[in-house]
Amino acid sequence: MHVFYKPKDLHTALFAERVKGNKIGLVPTMGALHEGHISLIERSKKENDLTVCSIFVNPLQFNNANDLLKYPRTLEKDIKMLEKAGCDIVFAPDVSTIYVTKPGLAIDFGDLERVMEGKFRPGHFNGVAIIVSKLFHMVDPDRAYFGQKDLQQYLIIKQLVDSLSFRVELISCDIIREQDGLAMSSRNQRLLPEHRVIANNLYKALELAKELVLKNHLEKAEEAVKEYLSPFKSIQLEYLEIADGNTLIKVGDLKDHSSVAICIAAFLGEVRLIDNIIVELN
Ligand code: AMP
């Protein structure tokens, strides 16, 4: 496995592979890797000749300075995990390499970014779009792998790729969970022990909402989730949305939708977690 820090070195290595006709899969991450990230690497390995994992904590997508400061950074451990997983190339540039100048660019994703993460984290998706575009230019992958865990991010990137004609094929991968149901996340390691033991209730709340959605009790679902979570005083619910699986527009009538995404965001202490379940209808 090769580790590159400079786009030029990465480009030279990838150019040689592309000349040989090899297909390249990219897994963009912010590091502090866990089994969820590794599942993306494994999928890419199955579908491509060469897998590149980028590790870059992107300051542009953080709207909270403390969150950026506290974001776990474990590069050496990550490199070992990637080596074990059979990843071919790690790209781990530093901030000054990626942002030689601050991009004076604002991309508006319309309705898709007015809800959920876009609403509660102003500027977040602009930062995501800029770093993902840069990575697509630097790696020029045939396929790029993203987790359903960040569903809205996936849909935003899909819009970005369609709008700007990136040639990459996007692949959405299932959410990998801890045994108790908590969605794996780099932020989980920042949870206080007393918060970690109750964090899986976000997933349980989603399951409860799913049950009610399947029984066509949409209005009850939101209420039921709030009621379910209310005894857990240290879980501060930020949003629970039942939205169309493709547009994220709030669902009014189930029969107008082929899939519904139930999405949740909550703070446990200082740590903000998100999760979702997609319910396929018909
Ligand atoms: P991050 O390092 O948090 O930016 O995540 C990098 C990629 O891994 C994103 O596409 C995430 O959606 C994906 N990812 C994060 N957590 C999980 C998980 N539990 N299961 C599957 N994919 C995940």
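When a ligand or atom number is given, it counts from 1 through the structure's own listing order. Positions are given from 1, in the same order as the sequence printed here.
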### Atom indices of ligand 1 within 4.0 angstrom of Met184 heavy atoms, with elements
16 (N), 17 (C), 18 (C), 19 (N)
### Query
Does Asp108 have any salt bridge (charged side-chain N to carboxylate O under 4.0 Å, His left out) partners at least two apart in sequence or in another chain, and if so, which?
Arg114
### Query
Under a 4.0 Å N-O cut-off, is there an ion pair linking Arg187 with Glu270?
no
### Query
Are a donor atom and an acceptor atom from the side chains of Asn48 and Tyr145 found within less than 3.5 Å of each other?
yes
### Message
Whether Asp174 and Lys149 form a salt bridge (side-chain N of Lys/Arg under 4.0 Å from carboxylate O of Asp/Glu) is what I want to check.
### Response
no
### Message
Please state which option from Cys173, Pro28, Ser39 has its nearest heavy atom closest to atom 6 (C) of ligand 1.
### Response
Pro28
### Query
What residue and atom, counting heavy atoms only, is the protein's closest point to atom 10 (O) of ligand 1, and at what distance?
Gly147 N, 2.9 Å
### Query
In terms of residue, atom name and distance, what is the protein heavy atom nearest to atom 3 (O) of ligand 1?
Tyr71 OH, 3.8 Å
### Query
Is there any salt bridge (Lys or Arg N to Asp or Glu O under 4.0 Å) pair reaching into residues 20-30, and which pairs are they, with sequence neighbours excluded?
Glu17-Lys20, Lys23-Asp142
### Task
Counting heavy atoms only, name the option from His37, Met30, His34 that's nearest to atom 16 (N) of ligand 1.
His34
### Query
When the aromatic ring centroids of Phe4 and Phe91 are compared, is their separation below 6.0 Å?
no
### Task
Measure the acute angle between the ring planes of Phe146 and Tyr154, then classify it against the limits of 30° and 60° as parallel, tilted or perpendicular.
tilted
#### Entry: Contact check: Ile176 vs ligand 1, nitrogen or oxygen atoms, below 3.5 angstrom
yes
### Message
Return the closest protein heavy atom for atom 21 (C) of ligand 1 as residue, atom name and distance.
### Response
Asp174 O, 3.3 Å
## Note on the structure
Quick look: Leu40 vs ligand 1, heavy-atom contacts under 4.0 Å, and the answer is side chain
### Query
Looking only at non-hydrogen atoms, which of Val128, Asp150, Val57 approaches atom 11 (C) of ligand 1 most closely?
Asp150
